[in-house]
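Report on the structure given below.
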Amino acid sequence: MSDEKLLQSRRNALKCMAYGGAGTLFVLAGGVLTPLDLAKAADDKPGTARLGKPLFVQISDTHIGFNKDANPDVGGTLTQTIDMVNGMAEQPALIIHTGDISHLSRPAEFDQAQQMFARFRTTELHTVPGEHDTQDPTVTEYFNRFGKASDNKGYYSFDHAGVHFIALVNVLQFKPGGLGTLGPDQLAWVAADLKGRSSSTPIVVFAHMPLWTIYEPWGWGTGDADQLMAPLRRFGSVTVLNGHIHQIVQKVEGNITFHTARSTAYPQPAAGEGPGPSPLKVPADQLPGMLGVTSVSVVTHPSSMLMSDTTLAPA
Amino acid sequence: MLFGIYRTFLIAAVVVAVWLLAAGDQAVATPSNVAQIVIKDFMFAPDSLTIKAGTTVTWSNKDDEPHSVVSDTGLFRSGARDTDETFSFRFDQPGIYHFTCSIHPKMVGTIIVE
C-alpha cells in the first residue's frame, strides 16, 4: 500500500471513529495497523476486491451457562452471532474460538456450545481453552471434545492459505497471585515450530488470555509472553489474537499486532473500573453494540492481514 | 381416641428426635469448629484465617462471577462455584495452607491451623 493510500485510509479511519458503531476495518500492512471506514470500504469496489476473501472469523468468550443480569440469554446472542457469520457474502475458511466456550466447565454447557457451533456454515473450527473451560479437576470436559488437534496438550499449529496458525494455552499453569502462563515446554515447542520457516510467512497466534500485559492487578496478561515474542520478531507479519477481557484492546509492536476480541456473551468493565472484571450490566439496547466478532482477511501481495470488528447491533 | 394416643406418641417422638438432633449438632458443630470465608469483589474475606484443628471452613461466593478455591498443594479443589454456591473443607492437621482462585489467580488466601 502506498503512503498516499495509507494517509487516505487514516483519514477514512478518523471519519469512521466519528460515525461510530458501524464497525471498523483494520488494515495491517507492514506491521502497521490502520483502521478504515468500513462503510466506505464496502462502497469502494476496487478497494473491496483488494480486501480479498475472509480467511477466518474469531469468536470468543461465549460463556454458555452464564445466566446473570448482564445477559440472561447467552445462547440467544451466540445464535445471533452465528446467523451474522452465516450471512456473510463470502464465507470464511475457518472459525477460531479463543476460549471460555463454557462458563463453569460443565458437560451440559459444552454440549450446548458444540451443538450450536455445528450451525456454522464454515465447518472448520479451531479452539483454545479459557480458564472457565478448565475448572473440572482433570480438565477432561474440554479435552474430550476439543483436545484432538493438540493431542490433549492444548497447543498446536496448522497452515491455511499460506498463513501459519499457532494455537496456545495460557490457562493451565496459573501460579497463585500471578498472570497467565505458557510454561517452558510450550515455549520450547513454539521456538521449534517456527524454526526454519520463512520470515515472509504471515503468522497468526491465538490464545485465550492476552499475550501482553493489559492490566496486571486484574491478571490481564501472560507472565512469560516476552519469551514467546522473541522467536516471532523476525517475521514480517504477526497477528496475535486473544479474548478474556470481553472488549477490544489493541497494540502494535514492530511487526506484531495484538488484538483482543469482544465476547458474544457479555461485556466487562474497562481496566480498573470497579473492584474486578465482573460481568458488566448495560441497558438492554446497548448490549448488542458491545458483543461481536472479529473477521480477518489475508492480502497476498504484499502479505498482510485485514481485521474488521463487527457487533451484533443492527447496522 | 386411639388416634389421639398415637398422635401424642408421634409428637413425643418428634420432640425427642429434635432434641437428639440438636444435641448431636452441638457435639459436632459448635461455633468454634466452623468458620466462614466470603468471596466478594474478587477477594477472599478474610484472606487470612486462624482456626483450630478439626474446623470446617466454608467459602461462599457472593460475586456475579464464578470463583474457585484450590489448595496450592492440591489438598482440596472446589471446581467452579457460581453465585451463592459454597465449598467446605475440614482442616484436621495443624499447618499453614495457602489457597487461590483458579479462575482469578490474583485472588489468594491463607488458613493457619493450630
Side-chain angles (χ1 to χ4, degrees), chain A residues 63 65-72 99-100 102-107 109 129-141 170-181 208-209 213 215-223 244 246 265-266 268-269 272 274-281, chain B residues 36-51 57-91 95-113:
Chain A
H63 283 268
F66 178 84
N67 56 13
K68 303 294 185 295
D69 287 351
N71 182 0
D100 284 358
S102 75
H103 194 54
L104 302 166
S105 307
R106 290 179 184 161
E109 298 173 347
E131 74 286 351
H132 284 254
D133 298 322
T134 55
Q135 291 306 312
D136 52 320
T138 49
V139 199
T140 47
E141 297 303 338
N170 51 7
V171 300
L172 288 178
Q173 296 181 50
F174 283 152
K175 289 179 184 66
L179 302 170
T181 306
H208 177 64
M209 291 177 74
T213 303
Y215 191 60
E216 202 272 346
W218 286 1
W220 286 2
T222 301
H244 187 59
H246 297 215
Y266 55 88
Q268 284 185 353
S278 287
L280 182 67
K281 185 162 169 39
Chain B
Q36 303 285 328
I37 293 178
V38 171
I39 309 174
K40 178 76 183 152
D41 291 341
F42 293 76
M43 286 184 287
F44 295 107
D47 62 359
S48 180
L49 182 67
T50 302
I51 55 172
V57 177
T58 298
W59 288 262
S60 311
N61 180 13
K62 298 295 172 192
D63 268 344
D64 264 358
E65 169 75 5
H67 293 294
S68 72
V69 182
V70 178
S71 150
D72 288 12
T73 60
L75 182 65
F76 50 88
R77 184 183 181 105
S78 69
R81 287 291 186 270
D82 208 355
T83 310
D84 291 329
E85 291 181 340
T86 62
F87 171 71
S88 296
F89 186 81
R90 196 174 79 188
F91 292 85
I96 298 172
Y97 300 85
H98 298 288
F99 58 92
T100 186
C101 166
S102 60
I103 305 172
H104 313 94
K106 283 280 168 193
M107 298 168 56
V108 295
T110 306
I111 306 275
I112 300 153
V113 183

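Letters A, B, ... mirror the listed sequences (proteins, then strands); counts begin at 1.
- Annotation for A/Gly177 and B/Val108: closest pair N-CG1, 3.5 Å, computed over non-hydrogen atoms.
- If you measure heavy-atom distances from A/Ser105 to chain B, you find no contacts under 4.5 Å at all.
- The line from CD1 of B/Ile103 to CG of A/Asp100 is 9.0 Å long, rounded to the nearest 0.5 Å.
- For the residue pair B/Phe42 and A/Ser278, the shortest heavy atom distance occurs at CE1-OG, 3.1 Å.
- Contact of A/Pro217 with chain B is made through the backbone alone, with heavy-atom distances under 4.5 Å.
- Considering only heavy atoms from C-beta on, B/Ser102 stays 4.5 Å or farther from A/Glu131 through its side chain.
- Scanning all heavy atoms of the two residues, the minimum distance from B/Pro105 to A/Gly178 falls at CG-O, 3.6 Å.
- Looking only at side-chain heavy atoms (C-beta outward), B/Ser68 and A/Gln135 come within less than 4.5 Å of each other.
- By the side chain to side chain contact (heavy atoms under 4.5 Å, CB included) test, A/Pro279 is found to be paired with A/Phe66, A/Ala70, A/Tyr266, B/Asp64, B/Glu65, residues two or more places apart in sequence or in another chain being considered.
- Note on B/Lys40, B/Glu85, B/Arg81: by heavy-atom pairs under 4.5 Å with chain A, the leading option is B/Glu85.
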